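Throughout, a chain's letter reflects where its sequence line sits, starting with A, and its residues are numbered from 1. Remember, predicted model here, so these are calculated numbers, not experimental data.
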Protein chains: 2
Amino acid sequence: MAPQQDRSRGGRRRASHSMESVLTEAVALLDEAGEQALTFRALAQRLGGGVASIYWYVASKDELLDRATDHVIGAALADVEALPAHEDPIDELRAMAVTLFDAIMERPWLGAYFMRNTDVQGNALRLYEKLGQQTLRLDLTARQRFHAVSAIVGVVVGSAVDLGQEPPQEVLDGAVGRDEFLGRYAQAWRELDPADFPFVHEIVDEFDGHDDIEQFRSALELTLAGLRLQAGA
Amino acid sequence: MAPQQDRSRGGRRRASHSMESVLTEAVALLDEAGEQALTFRALAQRLGGGVASIYWYVASKDELLDRATDHVIGAALADVEALPAHEDPIDELRAMAVTLFDAIMERPWLGAYFMRNTDVQGNALRLYEKLGQQTLRLDLTARQRFHAVSAIVGVVVGSAVDLGQEPPQEVLDGAVGRDEFLGRYAQAWRELDPADFPFVHEIVDEFDGHDDIEQFRSALELTLAGLRLQAGA
DNA sequence: GCTAAGATAGAACAACGTTCGATACGATGC
DNA sequence: GCATCGTATCGAACGTTGTTCTATCTTAGC
């Protein structure tokens with residue numbers, strides 16, 4: 001009753017990969033345990049192959065990160081393209097940015113690599129174009145359009161970076177909940193001298209247990225309000 | 001005429017450090033050659049001591065980075081505090097944000113670590129407080145104040161991250177100038193199909209040779225305009 | 001002079017990205 | 001059937017990194 005071994009002629013089976021599987025497993029590692037979990041050895045073990053095989057598909061870890069990033073940005077781009085059209089371009093910009101932020105929230109590691117994509121081509125550029133096309137519907141100069149899209153991307157990235165560097169490893173392990181983690185900071189802030197830190201005391205209750213999405217949407221709303229003003233609509 | 005050797009009894013002189021010198025040299029390494037240049041061995045050599053000695057002052061590289069970051073944020077905080085007071089709190093917020101961005105521009109590596117500071121205390125918190133105090137002068141709810149400061153910090157960080165990850169190592173070595181670097185991207189963009197990428201073609205001339213500070217100020221202006229609208233002033 | 005704490009340092013360790021050389025596989029030509 | 005060439009895989013090794021271990025030197029107080 002020995003189980004049918006998955007080998008031929010006693011030799012160890014050779015693994016056969018593909019660009020897709022390499023990227024998929026790399027993203028899976030990043031999703032499960034964050035940036036530090038993605039090593040060539042861990043990835044090779046997951047693929048059931050050797051370490052050096054990965055170098056057939058990518059020339060370096062930087063390229064692996066770039067391709068993995070572009071891989072998931074492709075999914076975010078698909079989400080954005082699936083969005084219904086709005087009459088108001090600013091409404092559409094808001095919907096796109098929120099969709100983008102949602103995608104990053106599910107993958108906190110994305111924040112650090114989002115803008116690192118050195119490739120000129122790729123899904124990041126398509127996303128950039130997609131956002132920018134909305135500004136073409138606004139009464140702006142080319143320079144204003146360029147700056148507007150940069151500002152919106154900046155808000156997304158800025159919020160995403162906050163997100164990505166928030167968990168200090170305890171909350172990722174599940175040992176400490178996010179609320180408790182925030183609560184610790186809040187408690188330390190409450191113990192500061194109110195005379196020296198009036199603002200911190202003013203907002204500590206808002207900080208405690210705050211929602212990241214709401215924080216992002218508020219920042220986005222300010223930028224979009226400024227943009228609407230600039231477009232004179 | 002042998003030079004007076006700086007040693008006693010022929011033995012190799014033991015180095016004597018201090019928290020200040022360790023942080024100063026660490027920052028110097030980061031300034032000169034970026035994030036990857038800061039290694040314990042390079043730092044030890046610079047301090048004229050052994051590798052393990054650094055561990056007397058910091059428990060890990062993460063802590064070293066945190067302390068180094070807070071060290072330079074302290075300088076930025078001093079710059080911000082030296083700013084003249086404005087009658088309009090939003091004008092003062094703008095001046096503070098610009099000062100902050102200037103400090104980050106001189107140290108591109110700061111962008112990646114700016115928000116990574118896990119310490120609750122420190123200069124980052126004081127800077128946060130300093131920004132927040134201006135919102136106390138505006139007619140806003142506590143939540144709006146919290147979100148406003150987060151938004152402004154987000155704009156700074158978002159632009160700073162762009163900045164920090166821009167040079168791909170050639171421009172840092174001085175082999176390729178920033179303009180030429182930007183020009184390469186611009187050229188590649190110009191060769192894209194205008195039907196597929198109308199926005200990219202619209203702004204490529206603006207992108208080519210653009211000024212980072214101007215880009216940042218535009219993004220900041222949109223946020224501040226939105227904030228002014230929100231405060232009903 | 002002795003001792004305890006403060007401070008320094010060399011050597012070793014484990015993990016990482018990367019390279020090298022050898023080897024197997026699959027289609028093609030004959 | 002067989003040699004051939006480009007594709008693809010793998011184990012082993014290299015150099016560098018953060019970190020730890022253990023030993024040593026220095027200083028202050030008694």
Side-chain angles (χ1 to χ4, degrees), chain A residues 5-27 29-30 32-69 109 112-113 116 118 168-169, chain B residues 5-27 29-30 32-69 109 112-113 116 118 168-169:
Chain A
Q5 289 293 92
D6 191 13
R7 46 182 71 189
S8 21
R9 283 205 294 246
R12 176 162 281 110
R13 188 78 168 288
R14 284 172 78 89
S16 106
H17 313 146
S18 71
M19 189 80 241
E20 258 288 317
S21 66
V22 169
L23 260 37
T24 302
E25 294 304 319
V27 169
L29 273 171
L30 288 168
E32 288 169 18
E35 177 185 349
Q36 60 177 358
L38 178 58
T39 68
F40 277 81
R41 285 167 177 86
L43 181 56
Q45 189 171 7
R46 226 185 150 97
L47 289 165
V51 190
S53 303
I54 305 171
Y55 279 88
W56 206 94
Y57 296 95
V58 295
S60 68
K61 187 168 187 182
D62 276 340
E63 190 185 320
L64 176 62
L65 252 348
D66 280 351
R67 292 194 117 102
T69 301
W109 55 271
Y113 297 117
R116 159 207 172 84
T118 62
Q169 211 154 357
Chain B
Q5 288 292 93
D6 192 12
R7 46 183 69 190
S8 21
R9 284 204 295 247
R12 175 165 280 108
R13 188 80 170 286
R14 285 172 76 88
S16 105
H17 313 145
S18 71
M19 189 80 243
E20 259 288 317
S21 67
V22 170
L23 260 38
T24 302
E25 294 304 319
V27 170
L29 273 171
L30 288 167
E32 288 169 18
E35 176 185 349
Q36 60 178 0
L38 177 59
T39 67
F40 276 81
R41 283 167 179 85
L43 180 56
Q45 189 170 7
R46 226 185 150 96
L47 290 165
V51 190
S53 303
I54 306 172
Y55 279 88
W56 175 251
Y57 296 95
V58 295
S60 67
K61 187 168 187 181
D62 275 339
E63 191 185 318
L64 176 62
L65 252 348
D66 280 351
R67 291 194 118 102
T69 302
W109 55 270
Y113 297 116
R116 158 207 175 86
T118 61
Q169 212 154 354

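Residue A44(B) is classed as having no contact, given no heavy-atom separation below 4.0 Å to the nucleic acid. Using a 4.0 Å heavy-atom cutoff across all strands shown, L38(B) reaches sugar-phosphate atoms only and no base atom.
Between the side chain of K61(B) and the backbone N or O of F40(B) there is no donor-acceptor pair closer than 3.5 Å. A donor-acceptor pair is defined here as one N or O able to donate and one able to accept, closer than 3.5 Å; such a pair exists between the side chain of T24(A) and the backbone of E20(A).
Put simply, CG on L43(B) is 10 Å from P on dG18(D), counting in whole angstrom units. Between K61(A) atom NZ and dT16(D) atom P the separation is 19 Å, expressed in whole Å. Whole-Å rounding puts the E35(B) CD to dG18(D) P distance at 11 Å. Atom pair D62(A):CG and dT18(C):C1' shows a separation of 12 Å (rounding to whole Å applied). Look at CZ on R14(B): it is 6 Å from P on dA9(C), rounded to the nearest Å. Put simply, CD1 on I54(A) is 11 Å from P on dT18(C), counting in whole angstrom units. At whole-Å resolution of the value, OH in Y55(B) and P in dG18(D) are 7 Å apart. The distance between atom CE of M19(B) and atom C1' of dA7(C), rounded to the nearest whole Å, is 14 Å.
Distance from the side chain of T39(A) is smallest for dC16(C) among the nucleotides dC16(C), dG18(D), dT18(C). Taking the side chain of S16(B) as heavy atoms from C-beta on, and the options dC10(D), dT8(C), dT18(C), the nearest nucleotide is dT8(C).
The heavy-atom pair separating S53(A) from H17(A) by the smallest distance is CB-CE1, 3.9 Å.
For dT9(D), neither phosphate oxygen OP1 nor OP2 lies less than 4.0 angstrom from any side-chain nitrogen or oxygen of W56(A). When the side-chain nitrogen and oxygen atoms of Y57(A) are compared with OP1 and OP2 of dA8(D), none of them lie within a distance under 4.0 Å. The phosphate of dA8(D) has neither OP1 nor OP2 within less than 4.0 Å of any side-chain N or O from S53(A).
The structure places OH of Y113(B) at 7.0 Å from CG of L30(B), a figure rounded to the nearest 0.5 Å. Interatomic distance, E25(A) CD to E32(A) CD, rounded to the nearest 0.5 Å: 8.5 Å.
Between H17(B) and R41(B), the residue anchored closer to the 5' end of DNA chain C is H17(B), taking for each the nucleotide with the nearest heavy atom. Comparing A52(A) and F40(A) against DNA chain C, the residue whose closest nucleotide sits nearer the 5' end is F40(A).
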